[in-house]
Amino acid sequence: MSKLFQDFQPLAAIATTPTAAQRLQPLGQTVGATLWVPESLTNTQLRSKIVVEPDAGTRGHGDAEKINNWENTQVYTGSLKNHIASLWPNHRAFVFCLATGAVVRLIAPLLQDKSCDPAVVVVDQAGRFVISLSSGHQGGADQLAQLIAQQLGATAIITGAVADLGLPGIDVLGVPFGWCRGAGDWTKVSAAVACGEKVQVIQEAGSCLWQSQLPASHPFVFGGDTEMGGVGTKHLGDNLSVKPKLYSPNTLPSDSLTTGPKARIWISPKLQSGETPNIPEVQWHPRVLWVGIGCERGTSKQLIEQAIQQTCQDYQLAELAIAGIATIDLKADEVGLLEFCEQRHFPLRTFPAQMLNSVKVPTPSTIVAAEVGTPSVAEATAICASLSPSTPVYQGHGDAGTRRRGERTTHQNQMGGLLVPKQIFKSATQPGAVTVAIAQAEVEYTGRTGQLFLIGTGPGQLEQMTLAAKTAVVQADAVIGYSLYLDLISSLRRPGQIIEALPITQERQRANRAIELAQWGLTVAVISSGDCGIYGMAGLVLEELRVRDWDGKIPGVQLFPGITALQAAASRVGVPLMHDFCAISLSDLLTPWEVIAQRLEAAAQADFVTALYNPRSRSRTQQIAIAQATFLKYRHPQTPVAIVRCAYREDEQITLTTLDKMLDIPIDMLTTVLIGNQSTAIYGDWMITPRGYLGFAE
Ligand code: SAH
């Protein structure tokens, strides 16, 4: 099963005709879906393909029978309606190959709310269209439809209005950054965006990356606070986040009222509560709040919970904006605290007294200092956590002194973004006592494990790219690459995706940016032409990870191979690579020329068919001549040579020539040169290197 579909598991596919079953069956395997077919199908044309196993019901769904040689396929008995109803509560997604009307009737009684309904996607029998039917945004049906469309080579039908406008869904805007959806009238605000009404955005925290991707015609009016960085501000290569303001009062920028927005989006750790707003609004809460906790031994989970709840209420902060909990390392085994973190899925960061000692806090205590060796636990740990990177170095127990290379050290004598000074809580009914302080981090905690998809797009045209690679691009939160290659795959882009194009020379910046975003929690696609692991970005990314002491797991790395230039070039001229071959790059930017010259000599001498990458640039013109001379030492002047420029691109040029004349043909950095071996021959327009079947190979 492809990992790309993990977010949609468990996933059920439903087919009621043999054609539909055949359509969904291969999909079921790559996507990791269970394909459900009616009992009647096992008596029809499918009988030859499906064998009903005697041990019925082994997969645990009612009295369904397991079908053995169609892996992932099961038979349902009784009505489809009842069967769907039984699958509905515990499935994240459904793919139907059925008339849309029938699907609508089937799911209508089951639909509850877009915040909890599974994604529903419909595929037509011919496999031409994939319709995102319901839960397009929050359930992910839009994305699933696009992913499946890539698998089938079909067209995804997305009817959500904002997607059409090239805008991200308002209710999924913050998902890549781990923001939590707060209160609000999501339907009305989304409708206002879809209608092109002015929508005010007041962003007080969290990444502005989503802003830099908006189309020019977007309907947003940014809060009037220049410190936040408006949509005009490009954030390419910028920090992950805007500089957050400290806790600010619930007031609107004055000019926004006169321009008359019809809806409002708050992006803030604050809770906008109280009076009913004059226009519909919604609240996104970036997880920027670090709650520092000090407590007596044996403090109950309930008291900790109440204390945090109360503090958030008193200071109008959203609990949904809590990134995690911080405390002194001595409390790393405090049961109530651990239980609380586990229940709420909060990371727990712990810091040693010696580090906390140097943090300037508003409310130091000599009693605390005498007890634990630092005058502040709650305030100092909240500040430390808010100042250290958004991705926790460790969760739960851990060596607080451990730091990864390149990480910031805690700013000494600085109060960071302390929003709430120490609050003390005791309860008549609960054991213990707890102190709470809250600080705001500059960069939100995403709570996600980042992924790096290292993708080869093939030589040019989209049809030369693998389905897996296309699917990975659609899936990614961010796509990074050289602009030419990003343009070649622009039709795969999703609204809301972060696209970062960097100039051709900035490979290291590209790799580092991708790693930075992935370490933060995003799924990042790094684009190379051809194959990513052949003179491509994958090598650089893995080398950079290695020097950062990467643990091999976080961020996760997956490679998606592509057709490399030598294959593409070869396929345009025949079978030049039919016998042993090698690739040599003539670029001496990263490899000393002596090494390259030595390899040319060895390849020529060993009679390898040789593909020359990066053969000649404007300033580097001699290397190709030296290569020719080297090969002429060992091979006949008439040895066939193919010069292929821009294979599978619009301006493709293909020339078959010979070793002695090859320099008469224009050769540049978009060209691959294939030099045949001693047995390579030209036959008509074809270049053939014998494999030896007919006894010709040397
Ligand atoms: N990762 C790429 C290679 C990048 S090095 C791959 O696997 O194909 C860049 C060199 O690749 C170019 O200088 C050229 O020699 C070759 N190249 C890339 N795309 C090409 C194409 N479409 N046609 C011919 N050569 C190409």
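All ligand and atom numbering here is 1-based and tracks the order in the structure.
- When hydrogens are left out, the protein atom nearest atom 17 (N) of ligand 1 is Ala565 CB, 3.4 Å; that is the closest non-hydrogen contact.
- Here is the list of ligand 1 atoms found below 4.0 Å of a heavy atom in Thr564: 6 (C), 7 (O), 8 (O).
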- [ ] Mind running side-chain hydrogen bond (donor to acceptor under 3.5 Å, both in side chains) on Asp487 and Ser490 for me, showing each step along the way?
- [x] CA-CA 5 Å; Asp487 290 347; Ser490 60; 5.8 Å; no
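- Heavy atoms of other residues, nucleotides or ligands lying less than 6.0 angstrom from CD of Gln605 number more than 12.
- For atom 4 (C) of ligand 1, the closest heavy atom belonging to the protein is Tyr535 O, 3.5 Å.
- A salt bridge links Glu601 with Lys633: at least one charged nitrogen is closer than 4.0 Å to a carboxylate oxygen.
- Less than 4.0 angstrom separates some heavy atom of Pro615 from each of these atoms of ligand 1: 15 (O).
- Relative to atom 19 (N) of ligand 1, the option among Arg649, Arg572, Gln461 with the closest non-hydrogen atom is Arg649.
- Here the side chain of Asn614 pairs no donor or acceptor atom with the backbone of Met669 at under 3.5 angstrom.
- Relative to the ring axis of Tyr648, Arg572 places its NZ or CZ within 45° and under 6.0 Å from the centre.
- Ranking the protein heavy atoms by distance from atom 23 (N) of ligand 1 puts Ala647 N, 2.8 Å first.
- Atom 12 (C) of ligand 1 has its closest protein heavy atom at Met669 O, 3.0 Å.
- Centroid-to-centroid, the aromatic rings of Phe608 and Phe581 stay 6.0 Å apart or farther.
- None of Val644, Val673, Leu577, Thr610 except one satisfies the side chain to side chain contact (heavy atoms under 4.5 Å, CB included) rule with Leu566; the exception is Leu577.
- The protein non-hydrogen atom at the shortest distance from atom 9 (C) of ligand 1 is Asn614 OD1, 3.4 Å.
- Within 6.0 Å of the CZ atom in Arg620, the count of heavy atoms belonging to other residues, nucleotides or ligands exceeds 12.
- Ranking protein heavy atoms by distance to atom 24 (C) of ligand 1, first place goes to Leu670 O, 3.2 Å.
- Listed by atom number, the atoms of ligand 1 under 4.0 Å from Ile534 heavy atoms are 1 (N), 2 (C), 3 (C), 6 (C), 7 (O).
- Other residues, nucleotides and ligands place no more than 12 heavy atoms under 6.0 Å from the CG atom of Asp685.
- Remark: ligand 1 atoms within the under-4.0 Å shell around heavy atoms of Val644 are 24 (C).
- Put simply, no part of Ala568 is less than 4.0 Å from ligand 1, judged by heavy atoms.
- Under the 4.0 angstrom criterion for non-hydrogen atoms, Ser529 is in contact with ligand 1.
- Taking a cut-off of under 4.0 Å to the non-hydrogen atoms of Pro459, the atoms of ligand 1 that pass are 22 (N).
- Closest to atom 15 (O) of ligand 1 among all protein heavy atoms lies Thr671 O, 2.6 Å.
- Short contacts between ligand 1 and Thr672, defined as distances under 4.0 Å to a heavy atom of the residue, involve ligand atoms 14 (C), 15 (O), 16 (C), 17 (N), 24 (C), 25 (N), 26 (C).
- Ligand 1 has Tyr613 within reach: a non-hydrogen atom of the residue lies less than 4.0 Å from it.
- Between Phe220 and Trp210, the ring centre distance stays below 6.0 Å.
- Using modelled atom types, one finds no donor on one side chain facing an acceptor on the other under 3.5 Å when comparing Gln497 with Gln213.
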